[in-house]
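Comments concern the structure below.
Note that this is a predicted model, so its numbers are computed, not measured. Just so we're on the same page: letters track the sequence lines, and every chain starts at 1.
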Amino acid sequence: MESSSHTNLIRNLIYQLFIPISVVILLATGLWQLQSSFDPPDKFKLSPLLHNTTDQGSAVIPTQSWGKTSLPNDWRSLGNPQQRVVWYQAKVDQLLEAVLYIPHVNSYLTVWVNDQVYATDPYLPDRSHNQWNHPRWIPLGDLQQGDTLTLKVITDQPGYGMLGTAYLGNQEELASYYQGWQRFHITFLEYVSAAMLLTALFMAFIWYFRRDESVFGFAAAFLLVWFFHNLQLFVTELPIPRALVDWYAKLTLCWMVIFIIIFLHRLLGEKPKTFEKVLFAYGIGSSCLTFALAFIIPDQFWLLTSRYWDSLTLIMGAYPTYLVVRATILRKDKTIMFTAMAGTLIVAFGGHDWLMVNMGLPREKGYLIHYSAVVAMTVFGAILLQRFVSAINVAEQLNKTLEARIATAKDKIERQFKEVQQLQKEQTLAEERERIMRDMHDGIGGHLVSCISIVESQPENTEAIADILRTSLLDLRLMIDSFEPSSKDILSMLAMLRDRTEQQLKLVNINYDWQVRDLSTDIELPPDMTLQILRILQEAITNILKHAQASVIKVHTYEEQIQGKLIIAIEVSDNGIGFDQDKPRQGYGITNMQKRAARINASLEIDSSDRGSCFTLKLSPLELLS
Amino acid sequence: MENYTIALVEDHLETRQRLRRMIDAHDQLSVVGEACNLAEGQDLLKTGPVDVLLVDIGLPDGSGIDLICSAAKQAPNTEIMVVTVFGDERNVISAIEAGASGYLLKDGSNDYICDAILQIMAGGSPISPNIARHILTRFKQPSAESEAIPPDIPEEEKPQLTPRELDVLKLISKGFRYEEIGDILEISYHTVTSHIKQIYRKLSVHSRGEAVFEATRLGIVR
């Protein structure tokens, strides 16, 4: 198992890394071939050549200390780390209308034909004129055989100056080589950098609107820093002091690596906080230190930073390579494979550049790293775009799922609601049925039973029978009234009671003294409550009718506060003969009335004297409703 | 004293006989026609107008409401009363809407029945607190209860109750009698009864307006 998994791992590694490495080799070879194709033929090379390395400061052409040399002339071979100026001289061996074409000079060039200056780079003390990466094209006009061509090269990077191969020839013959190289070396770089800036801005916008996706933010930072790094390769007039140009170039390199590391962490879903903090601390620390060094030891700055800072940057650059290779092996993911490809290319080209600067690799063609930017940008852009699009797709999918879920939930809730409604309806019906049954049992049922009993035992007593039947009908009407929606408040209920009983009272010359008063609260009584109250009052009225020998029944309503509670009182009194409260006669139904009152949490006070009796039903709206 | 003619439409034989007996016993009133179902009732209308028509709603071959409608059209001077056991608001209100101007309880005593008929001939109409309350709800201003009155009914179709009429209805719904209302509002008994008459008329018109609105809403009338 162990060995087979190892085999798998290796197979995976080869398979996953094969394509990226092949692409890198292919691109590098292609690049090499392409670069060589811009070299003019050897017959244009400027030779034979003398050079003077001893004169470091004079403005006029020195006359002594000339020795033989050939181009390209890399000053590192001169062995003097302080070398700032080198003079070169050649004899023109034929008559021609000439142009001097030099693809690579580090850095400032002045050209004489005999004693006459033909071209000179501005050498400003406080501002960089950063022309070292640009090919030079210097028309010299008609040259005579025997004319002396003198070149003076000054560098800002002591010991690191260089005069690349120089070509002297006819304008028409050299033009295509110069233009081709100019396009490939400078114009291409300008376009790539513009694309980088746009891509960086695009990603920055995405990050701005989606702060959680910091991967876009770091990709933007990485590309933006790279863009700034590129600027010093094609912009001659950078608005920074001369002393800071080299610092600027190396600073941007360092931060490129820092940002790509964090970008890869985010892309792979990792977040090693301490490590990243250390990384940032290193970036800020080294930036500040080298900034100071640029002013303290300007002469040794280039050499020291190239040797140490760049090396650290390169070593750091190995870490993202490790990240990508690890991810490539562990995940069979095409995007990771492409990232590996881009990463390998950056590391390979970056490595080449480091070797060129620090290990004496030929440097006439300049740096390579920015060529990898095209691939890197394409790959990162595609990955992030895919990520962005898939995020939108996922969101859409989620939305759809959510909608479906909501619809299901809605259906479910509706169904449940209907069920609950149905249950409630059934319960209400059951309760109503039960109530109606109880009411009938309480009222009309009992009356009819006693009616039958009278019909059976004393059929001649028609008056009693009619009386009971009338009472039954009244009770039935009270029941019906208690159902009416308009009888929910107390005054309407009392009004109905009057309407239902007045006819009967009139027959025996009893009149109502109607003293109902508007109530401060508008309470709604449930039907069974209404019926209970109606029955209590009806009983009271029946008692008066039968026993009191009264001529007036006074109905009076009022409110009072008892222990902070609002009490509604309904008072039914008469001007009759009263009754003995301690021994109420049978048939008064007082016990029955008390029971009904207790059932609805009301109290019934009964007072009687020889001037009449008084029933007071006291209701507390709060308790009624609870 | 004037004499009044009565026609009686009631399917229940005993009730019909009881009512007839009571009415005929009164020296001012006499029953001049009887019917025991809707068809006979319609025929009865053709024989000529009477002063008072008493109609039961639950007839074996149809609703007394239809008969009330026909009578209200054919004999506008006839006072129509609905005869009911319970005097419940559903039946009475629909009868009033159809054109009746009062109701009688079937089990009413002799005096009650005759008084009610004489009262209606004198220009008064009986009304129960329940019915008063119901009418109050029906005429509630739209502002109080947004959709209580459909807004599309033209103003002339939508009679409103006067403040006095509202006062009268409110007192009735609290159980006060016409005489008592007269005392409270300091108006005569006859003014109270004519208010009631007016309210009944408006209720009938009001219900026609609502019917037109409903029909328009349902697309029957355009």
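- For A/Gln504, no part sits under 4.5 Å from any heavy atom of chain B, backbone or side chain.
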Test salt bridge (Lys or Arg N to Asp or Glu O under 4.0 Å) on A/Lys506 and B/Asp115; report intermediate values, then the result. CA-CA 13 Å; A/Lys506 261 190 187 159; B/Asp115 281 355; over 6 Å; no
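- Scanning for salt bridge (charged side-chain N to carboxylate O under 4.0 Å, His left out) contacts around A/Glu560 gives A/Lys618, with sequence neighbours left out.
- Between A/Asp499 and B/Arg177 a salt bridge is recorded (basic side-chain N to carboxylate O distance below 4.0 Å).
- Summarising the geometry of A/Ser492 relative to B/Arg133, their closest heavy-atom pair is OG-NE, 2.6 Å, with the distance given to 0.1 Å.
- Counting non-hydrogen atoms of neighbouring residues, nucleotides and ligands closer than 6.0 angstrom, the CZ atom of A/Arg599 exceeds 12 such neighbours.
- Contacts between A/Leu469 and chain B at a heavy-atom distance below 4.5 Å are absent for every atom of the residue.
- Contacts of B/Ser128 with chain A are made by both backbone and side-chain atoms, with heavy-atom separations under 4.5 Å.
- When the heavy atoms of residues 56-64 of chain B are compared with those of chain A, none of the residues falls under 4.5 Å.
- In terms of heavy atoms, A/Tyr512 sits closest to B/Glu180 at O-OE2, 4.2 Å.
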Working for side chain to side chain contact (heavy atoms under 4.5 Å, CB included), residues B/Val85 and A/Leu473: CA-CA 9 Å; B/Val85 180; A/Leu473 196 57; 4.1 Å; yes
Decide salt bridge (Lys or Arg N to Asp or Glu O under 4.0 Å) for B/Lys170 and A/Asp518; before the verdict, give the C-alpha distance in whole Å, the side-chain angles of both, and the deciding distance to 0.1 Å. CA-CA 11 Å; B/Lys170 279 176 192 159; A/Asp518 287 346; over 6 Å; no
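- Rounded to the nearest 0.5 angstrom, B/Ser109 OG and A/Arg470 CZ are separated by 8.5 Å.
- Residues B/Lys174 and A/Ala495 come closest through the heavy atom pair C-CB, 3.4 Å.
- Under a cut-off of 6.0 angstrom, the local environment of NE2 in B/His12 is sparse, with at most 12 non-hydrogen atoms contributed by other residues, nucleotides or ligands.
- The contact between B/Tyr112 and chain A is made entirely by side chain atoms (from C-beta outward), counting heavy-atom distances below 4.5 Å.
- The shortest distance between side-chain heavy atoms of A/Gln503 and B/Asp111 does not fall below 4.5 Å.
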